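Each chain gets a letter, A, B and so on, in the order the sequences are listed, and its residues count up from 1. Because the structure is predicted, anything quoted here is derived from the model rather than measured.
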Number of protein chains: 2
Amino acid sequence: MEQRYISPAVITRLPRYYRYLNDLMDKGTERISSADLSRIMNVTASQIRQDLNHFGGFGQQGYGYNVPHLYQEIGRILGLEHEHAMIIIGAGNLGRALANYVNFERRGFRIIGVFDKTDRPGDESIRGHRIMGTDKLPEFISNNRVDIAALTLPSEGARKVCPILTEGGIKAIWNFAHTDLDVPEGVVVENVHLSESLMKLSYALHADENRQD
Amino acid sequence: MEQRYISPAVITRLPRYYRYLNDLMDKGTERISSADLSRIMNVTASQIRQDLNHFGGFGQQGYGYNVPHLYQEIGRILGLEHEHAMIIIGAGNLGRALANYVNFERRGFRIIGVFDKTDRPGDESIRGHRIMGTDKLPEFISNNRVDIAALTLPSEGARKVCPILTEGGIKAIWNFAHTDLDVPEGVVVENVHLSESLMKLSYALHADENRQD
DNA sequence: TAGATTGTTAATCGATTAACAATC
DNA sequence: TAGATTGTTAATCGATTAACAATC
């Protein structure tokens, strides 16, 4: 199956399909039609079929989709059959939260290092990882394959550390800092801007007030 | 200025404008044109003008936009001139991270309570808040105005606690659990699905492998 | 085979961009 | 006033939905 450019909108929906298929597997469901899945997920059956067809024919006419097979295929598309070595930069509460997140580990995202500013108390550790100073980053990156760097430190630190990561060859950055990052071609950044998410919620909560001003 | 339905795409961009305008204010910039802002933000000037015009004429022909004024207006649209009382349900690492997030406090999101399952060690506290059992929730909600509930607990707990919150009259839920929530009309949910975000990153990292399979 | 349901094309809808008249 | 730049309409682009022929 040849595959061209896939729109971000489609990609964003894949993990959600994956989650629902996982639920269906847990319930022992063997097959599902786009119509049934559309009812469960609150999307149109048409969208499900369109989305999945970007990646090839996973279904069968008159039958629907085989749940475990589709689950596995989407996992493969998402790259989840690979192990990912991840480092966390910023050992505050959020970094700690990510480091301790068992679900990521379960999906093959393995944390291999935790960093923070140099002047960190020496032997503090997170989940068995001694916290290293960011000055150790270049050495660490060149000695270990790092697939993903999660940035859970303030904006300024994130912008400073970013070129060190990309120069070290890291190709994926999971950015929790409240700033956009400038990265070279070929490096992907996934932003999680919590305050922006909270502001959206605040907007929705007050949307009616904006009706006429 | 009459205002009708605003698309989610526009809303999502507002906090980002807000952030860049804040940066400009810090630099002491008094005014900016859509063209200049578009260069800084990597969007089209046309989009900026369209977006802002949904809410009324904030600019001036031949001049551009007054930075502090536009900043304030977007803040108002986002509901940031209100104080928001927030509770956190789930006192794990993530809940702890949110509770300790000074930036939220600065924007008027004040944490007034932290909850976790009942069988929690009695006198543990987060940022001055004793952790209460979720069995105390109905009473707490009826005695305190709660604007936003952040759910930082496992999916099952989130689904269980959700109706308690909505029945108590809470109108906004910030959902970090890996599940979709069913809420009554008039209640807004903002989802932060970290594992789905991570999967998107994983996809992007391996997108080239999908080219032909 | 008949019934069900996909894969896929065509129609619709919405969002983004371009263009330019209005106006400061 | 002339120049700049918005507000806004029209054109384009992309994403979603509908429809149905293909096929299991």
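Among pairs with a residue in residues 150-165 of chain A, those fulfilling salt bridge (Lys or Arg N to Asp or Glu O under 4.0 Å) read A/Glu156-A/Lys160, at least two apart in sequence or across chains. Annotation: ring-ring contact (aromatic ring centres under 6.0 Å, His included) contacts involving residues 21-53 of chain B, sequence neighbours excluded, are absent. Sorted by first and then second residue, the ring-ring contact (aromatic ring centres under 6.0 Å, His included) pairs involving residues 72-100 of chain A (not counting sequence neighbours) are A/His82-B/His206, A/His84-A/Phe109, A/His84-B/His206.
Applying a 4.0 Å cut-off to non-hydrogen atoms, the residues of residues 31-44 of chain B that approach DNA chain C are B/Thr44, listed by residue number. Of the residues in residues 7-28 of chain B, those placing a heavy atom less than 4.0 Å from an atom of DNA chain C are B/Ser7, B/Ala9, B/Arg13, in numerical order.
With hydrogens and angles left out, the side chain of B/Gln60 and the base of C/dT23 share no donor-acceptor pair within 3.5 Å.
The shortest non-hydrogen separation linking B/Pro138 to B/Ile164 is CG-CG2, 4.0 Å.
Every residue two or more places apart in sequence or in another chain was checked for a side-chain hydrogen bond (donor to acceptor under 3.5 Å, both in side chains) with A/Gln50, and none qualifies. Residues that satisfy the side chain to side chain contact (heavy atoms under 4.5 Å, CB included) test with A/Val67, not counting sequence neighbours, are A/Leu21, A/Leu24, A/Met25, A/Thr29, A/Ile32. Applying the side chain to side chain contact (heavy atoms under 4.5 Å, CB included) criterion to A/Ser46, with sequence neighbours excluded, gives A/Thr44. With sequence neighbours excluded, the residues forming a side chain to side chain contact (heavy atoms under 4.5 Å, CB included) with A/Tyr101 are A/Asn103, A/Phe104, B/His178, listed by chain and number. Contacts of B/Arg39 classified as side chain to side chain contact (heavy atoms under 4.5 Å, CB included), with partners at least two apart in sequence or in another chain: B/Ala35, B/Asp36.
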Under 3.5 Å between N/O atoms: give me all the protein pairs with nucleotides 19-21 of chain C, atom names plus distance.
unit_1, atom_1, unit_2, atom_2, d
C/dA19, N6, B/Arg49, NH2, 3.1

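For DNA chain D, if you chain together Watson-Crick or G-U pairs that step i with j, i+1 with j-1 and so on, the runs of at least three with distances under 3.5 Å are C:3-24 with D:3-24.
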